[in-house]
There are 2 protein chains.
Amino acid sequence: MKRHLKKINALIENFDVETELALQSVSKTKKYKKGEFLLYQGEICKSSFWIEEGITRKYYMNDKKEVTTELLFKHDLAVAFSSYVSNQPSLEFIQAITDVTVSCIDKNSFRNIKENHPHLIQLDLLMTEYYAMWLEKRLFEFHTLNAIDRYKLLLLEQPDFIRHIPLTYIASYLGISLETLSRVRTKI
Amino acid sequence: MKRHLKKINALIENFDVETELALQSVSKTKKYKKGEFLLYQGEICKSSFWIEEGITRKYYMNDKKEVTTELLFKHDLAVAFSSYVSNQPSLEFIQAITDVTVSCIDKNSFRNIKENHPHLIQLDLLMTEYYAMWLEKRLFEFHTLNAIDRYKLLLLEQPDFIRHIPLTYIASYLGISLETLSRVRTKI
DNA sequence: TTTGGCATTTGACTTAAGTCAAATAATTAG
DNA sequence: CTAATTATTTGACTTAAGTCAAATGCCAAA
């Protein structure tokens, strides 16, 4: 996964000036306050959000309960993927859980500039591959680890981030109840 | 998801003859007997397998138990994705569960011809998007459905599954024990 | 600095699904 | 066709995690 991020960075480093400008031309800086929504469930996701600062999460409602699907930090890309790709209403919300600054990239404009900038379609592919690998990893962890071990792994992989996030979100991200998470924490 | 498959097909229909030939030049028909392996755990996945005929599955071992990650049918693409993308040893086996015929596409050759055939990188992107959406859907189903409903959904979406596939594989694909699956089946 | 509202923990109980063992049923090989 | 093997079902019991309710901790605004 890390290796793949390096590939992505290497590609971006090698962008020619034109490509860089094109990308800038379709990007727009936006700011959201803690608690505000970058995307609502039911909306079609028409842009991707490159996190410049702060933390966001993706989640959906199931049975009046929130299921957090992803936690996104500085230099992550927040998108309601299926909605973005297939132009269908999003099942997910995207919400700022701290004040955030994002670089908002319009989807249609990005599609347009991809035509003339081969590096950009490569970037798109690499990012999508990265996301698919991340999803595979997440599925794998749900199948092979119990609540305790999933929490331990999260601590291991994202130690500092976890500090700033309410346990409710972490529990729902780990797919366990808040109470179970609380109990897990005492056992570590 | 269906809409996305249509996009993929539309793209393939519109391939120019050169692209088509290039693709053929890196493809090679192979046959496997029931039970044989297209890929072993630990191998680096250096090709993708387009299923022409038959059924395969992807699975890994966890605690001496098999976890089936994907069942693949005619016109599906079987790849150990993370291994393929990041050149790391595969955690997964790919196994023929009936006699199968596949069109085996060499990864490096495919990467080479992508350079000169822009349609092919578009194809790559669309296929990867499709896989990522499928993974999202699978995660969603694990989080929102219990054993009974996951089985019902499988019956609904892939009725032909059940006919040709031993229950052990179906159970491990649904993430439940064989016994639970057996009990679920009586309750339908 | 107090108060009201979240966030977290703790306790008692329930439940979905797993495990282990054994009994049938269905295929396959000889 | 029959034995052997493999697949599936059934039963009794266990367990990880969920639920509901209450207690405690913690911060932020008045």
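So that the names make sense, note that chain A is the first sequence line, chain B the second, and so on, each numbered from 1.
Summarising the geometry, the separation between CG on Leu167(A) and C1' on dT10(C) is reported as 15 Å, rounded to the nearest angstrom. The nearest whole Å value for the distance from the CG atom in Leu174(A) to the P atom in dT8(C) is 13 Å. Atom pair Lys34(A):NZ and dA28(D):C1' shows a separation of 11 Å (rounding to whole Å applied). Regarding Asp63(A), its CG atom lies at a distance of 11 Å from the P atom of dC20(D), rounded to whole Å.
Between dT8(D) and Arg185(B), no contact under 4.0 Å exists linking OP1 or OP2 to a side-chain N or O.
Val79(A) and Lys58(A) get closest at one heavy-atom pair: O-NZ, 3.1 Å.
Because its NZ or CZ atom is both nearer than 6.0 Å to the ring centre of Tyr173(B) and within 45° of the ring axis, Arg138(B) counts as a cation-pi partner of that residue.
Evaluation of the ring-ring contact (aromatic ring centres under 6.0 Å, His included) rule for Tyr60(A) yields Phe140(B) as partners, not counting sequence neighbours.
No side-chain heavy atom of Arg57(B) sits less than 4.5 Å from a side-chain heavy atom of Ile94(B).
Aromatic pair His143(B)/Phe142(A): ring centres closer than 6.0 Å.
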Can you give each donor-acceptor pair under 3.5 Å made by side-chain atoms of residues 106-114 of chain A, sequence neighbours left out, with the distance rounded to 0.1 Å?
| residue | atom | partner | partner atom | Å |
| --- | --- | --- | --- | --- |
| Asp106(A) | OD2 | Asn108(A) | N | 3.4 |
| Asp106(A) | OD2 | Ser109(A) | N | 3.0 |
| Asp106(A) | OD2 | Ser109(A) | OG | 2.7 |
| Lys107(A) | NZ | Tyr84(A) | O | 2.5 |
| Lys107(A) | NZ | Asn87(A) | OD1 | 3.4 |
| Asn108(A) | OD1 | Arg111(A) | NH2 | 2.7 |
| Asn112(A) | ND2 | Asn108(A) | O | 3.4 |
| Lys114(A) | NZ | Asp124(A) | OD2 | 2.6 |

Could you go over nucleotides 13-19 of chain C and give all protein N or O partners under 3.5 Å, atom names and distances?
| residue | atom | partner | partner atom | Å |
| --- | --- | --- | --- | --- |
| dA17(C) | OP1 | Ala147(B) | N | 2.9 |
| dG18(C) | OP2 | Ser177(B) | N | 3.0 |
| dG18(C) | OP2 | Ser177(B) | OG | 3.3 |
| dG18(C) | OP2 | Thr180(B) | OG1 | 2.7 |
| dT19(C) | OP1 | Lys65(B) | NZ | 3.3 |
| dT19(C) | OP2 | Lys65(B) | NZ | 2.8 |
| dT19(C) | O4 | Arg183(B) | NH1 | 3.3 |

